[in-house]
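Structure record follows, encoded as structure tokens.
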There are 2 protein chains.
Amino acid sequence: MTHSEENYLKAIYHLTSVLENEISTNAIAEKMETKASSVTDMLKKLADKDLVHYKKYQGVSLTNKGLHSAKMIVRKHRLWEVFLVEKLAFSWDEVHDIAEQLEHIKSEQLVNKLDAFLNFPTEDPHGDPIPNAEGNIIKVEKQLLSELQEKQTGICVGVKDTSSEFLQYLDKQGISLGSKIEIKSREIFDLSLKISINGNEMTISNKIASNLFVRKV
Amino acid sequence: MTHSEENYLKAIYHLTSVLENEISTNAIAEKMETKASSVTDMLKKLADKDLVHYKKYQGVSLTNKGLHSAKMIVRKHRLWEVFLVEKLAFSWDEVHDIAEQLEHIKSEQLVNKLDAFLNFPTEDPHGDPIPNAEGNIIKVEKQLLSELQEKQTGICVGVKDTSSEFLQYLDKQGISLGSKIEIKSREIFDLSLKISINGNEMTISNKIASNLFVRKV
DNA sequence: TATATTTTTTAGTTTTGTCTAAAAATTTAT
DNA sequence: ATAAATTTTTAGACAAAACTAAAAAATATA
């Protein structure tokens with residue numbers, strides 16, 4: 001499988017978890033920052049290799065084979081992210097681009113040895129789940145901080161937006177995975193929240209709260 | 001720089017250390033298991049990018065820029081080999097193909113952090129030197145075991161052939177980097193050697209002795 | 001020196017992944 | 001239901017990296 005094919009599979013996989021049903025050519029083109037015609041070309045190739053179900057004008061979905069391949073790519077990406085942060089001391093906002101390259105390294109043995117070396121982590125540095133060697137994922141029930149009611153408390157377990165801008169903002173505010181966040185009050189006008197995080201009080205916008213995953217406690 | 005361009009630079013670099021003068025198109029084609037016409041095509045591209053000095057029919061040599069790029073690729077390859085052996089418990093005969101992929105990952109920060117994580121090794125698992133971040137190489141004086149005289153002793157510091165067949169043979173015989181080898185006697189007829197290695201006596205062929213580097217002691 | 005052999009380059013093709021422009025199908029709106 | 005707008009596909013082109021076959025240059029041999 002080529003890098004390009006792998007990138008398409010991964011894009012379809014990520015879109016599937018957001019959009020539920022069949023994925024449109026345009027959605028893929030937008031996600032991959034390419035042209036719809038290029039996507040159509042690739043979808044034919046992926047269908048030929050039995051990696052996607054594809055019917056002209058009807059959108060695509062992953063076959064079992066394609067789903068498994070996609071999970072293995074995501075597995076590699078997230079394991080490498082753990083390696084970069086835990087072993088090489090990268091910060092969580094620096095690892096994505098490097099992991100984008102590393103995820104294409106082909107060696108099942110390598111992935112599994114890396115997994116063992118890292119002590120079989122179940123989540124990457126952003127709180128996203130890491131599929132195991134069989135492709136199984138441990139789902140942690142989590143919700144957006146913005147969905148909590150006043151006086152409720154949650155533990156930060158993930159981020160929705162993984163851009164370095166957002167991650168650096170969180171670093172600056174002292175918010176990280178594991179932080180305990182209580183909603184003190186919600187401003188009706190702009191839905192901004194007054195929160196206390198590990199004791200400190202601060203105000204965050206709805207946009208921030210809509211990109212932080214928490215586990216209610 | 002593309003993977004292909006990097007592979008050509010690396011091939012020219014390795015050939016240079018063996019052949020001294022200008023490298024021929026055919027030598028590169030043989031090394032890379034490709035056709036001379038493909039090599040010619042690529043040499044033009046590399047010359048356009050100022051990575052090689054190339055004159056039609058005259059062979060090529062690396063420019064300073066090309067030499068530095070080649071060293072950085074070799075650096076990455078050998079650092080990843082150290083990682084695979086020391087951290088992931090691969091054996092020295094398994095790492096080459098994986099390192100061939102990893103050497104193309106582009107991130108200066110990654111290489112340098114990996115270097116630090118591995119504690120700045122100067123040699124890879126086969127005893128080959130690792131260029132530092134500036135491209136400098138610590139040359140260790142070494143010679144082939146086959147060049148030693150009877151009664152002389154050496155410490156095994158490297159291998160010339162890095163094929164898994166040869167490396168597995170060495171594992172089987174208990175020969176590894178650091179082994180102390182004394183030449184007991186040389187058979188004139190086939191140049192085979194009776195040696196003692198860490199106490200054990202054994203006989204090895206000239207072909208084996210011609211692929212083991214030692215430092216005389 | 002002239003001829004034969006080897007090496008290297010050129011010319012033209014293929015494959016992969018991309019693009020633009022135009023056509024076709026589908027969806028939305030009147 | 002028909003027209004308008006949007007989405008998707010097709011057709012044709014291009015660049016990168018490889019190939020084959022043939023031409024050109026260099027080297028070796030008689």
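Owing to the predicted nature of the structure, the values given are computational and were not obtained by experimental measurement. All chains are named by letter (A, B, ...) in the order of the sequence lines, taking the proteins before the strands, and each is independently numbered beginning at 1.
- More than 12 heavy atoms of other residues, nucleotides or ligands lie within 6.0 Å of NZ in K106(B), so this atom counts as buried by the packing criterion.
- Distance from the side chain of Y57(B) is smallest for dT9(C) among the nucleotides dT18(C), dT9(C), dT20(C).
- A donor and an acceptor atom, one from each side chain of H77(B) and D124(B), are nowhere located under 3.5 Å apart.
- Within 4.0 Å (heavy atoms only), T40(A) reaches at least one base atom of the nucleic acid.
- At the heavy-atom level, T25(A) lies under 4.0 Å from the strands shown only through sugar-phosphate atoms.
- Residue S24(B) places its side chain closer to dT8(C) than to any other of dG17(C), dT8(C), dC19(C).
- Nearest-nucleotide mapping onto DNA chain C: of A27(B) and S4(A), the residue sitting toward the 5' end is A27(B).
- Side-chain atoms of T2(B) lie closest to dA17(D) of the nucleotides dA17(D), dT18(C), dA26(D).
- One interatomic measurement links the two molecules: CG of L43(A) to P of dT9(D), which rounds to 7 Å at whole-angstrom precision.
- The nucleotide whose nearest atom lies closest to any side-chain atom of Y54(B) is, among dT20(C), dT9(C), dG17(C), dT9(C).
- Considering only the side chain of D41(B), dC19(D) comes nearest among dC19(D), dG17(C), dT18(C).
- Across the protein-nucleic acid pair, D48(A) atom CG and dT15(C) atom C1' stand 14 Å apart, rounded to whole Å.
- The side chain of K45(A) lies closest to dG17(C) when the candidates are dG17(C), dT26(C), dT7(D).
- One finds no side-chain N or O of K35(A) lying less than 4.0 angstrom from the OP1 or OP2 phosphate oxygen of dT18(C).
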Pair E5(B), K49(B) - check salt bridge (Lys or Arg N to Asp or Glu O under 4.0 Å), show working. CA-CA 10 Å; E5(B) 287 172 340; K49(B) 295 192 176 184; 3.0 Å; yes
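- The cationic group of K87(B) does not satisfy the cation-pi geometry with F83(A), failing either the under 6.0 Å distance to the six-membered ring centre or the 45° limit from the ring axis.
- Side-chain nitrogen and oxygen atoms of K44(B) include at least one within less than 4.0 Å of the OP1 or OP2 phosphate oxygen of dT10(C).
- Base contact: S37(B) has a heavy atom under 4.0 Å from a base atom.
- Remark: K44(A) is not positioned above the aromatic ring of Y54(A), lacking an NZ or CZ atom under 6.0 angstrom from the ring centre and at most 45 degrees off the axis.
- Dashed line: the shortest gap from a side-chain N or O of N26(A) to OP1 or OP2 of dT8(D) is under 4.0 Å.
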